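In what follows, a structure is listed as structure tokens, so that the remarks can point back to it.
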Amino acid sequence: MQDDELHFLEEQLAGTELLACVTCGEDTLHAHLEVLEVYPVGTELLMQCTHCQTERKWMDWTPTKPKGQEN
Ligand SMILES: [Zn+2]
């Protein structure tokens with residue numbers, strides 16, 4: 001794994017996202033638990049609700065390699 005890619009993953013894990021939680025029934029802050037899969041078009045993450053600790057998958061559609069985009 002390259003250094004900048006590792007740095008990207010660390011940034012992903014450091015942040016939180018406002019996502020709909022089925023258990024809370026509303027949008028709550030979710031913490032990044034784990035990176036499940038990295039695709040060219042985005043990153044699949046395991047997220048955890050900071051209110052009830054329910055875990056869910058979430059797709060972050062931020063391109064992982066913006067400099068390598070081909071149109
Ligand atoms: Zn919740």
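The structure displayed is predicted, hence computed values, not measured ones. Counting starts at 1 for both ligands and their atoms, in listed order.
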> Mind checking what makes side chain to side chain contact (heavy atoms under 4.5 Å, CB included) contact with Glu26, not counting sequence neighbours?
Replying inline: Cys24, Thr28

> To the nearest 0.5 Å, what is the distance between CG (Asp60) and CG (Leu45)?
Replying inline: 6.0 Å

> Quick one: does Thr50's side chain have a donor or acceptor within less than 3.5 Å of a partner on Leu29's backbone?
Replying inline: yes

> Honestly curious: do Leu36 and Leu33 fall in one hydrophobic cluster under the side-chain, below-4.5 Å linking rule?
Replying inline: yes

> Listed by chain and number, what are the side chain to side chain contact (heavy atoms under 4.5 Å, CB included) partners of Leu19, not counting sequence neighbours?
Replying inline: Glu17, His30, Met47, Arg56, Trp58

>> Using a strict cut-off of 2.8 Å, how many protein N/O/S atoms surround the Zn ion (ligand 1)?
In response: 4

>> Could you work out, with side-chain hydrogen bond (donor to acceptor under 3.5 Å, both in side chains) as the rule, every residue matching Thr54, not counting sequence neighbours?
In response: Thr23

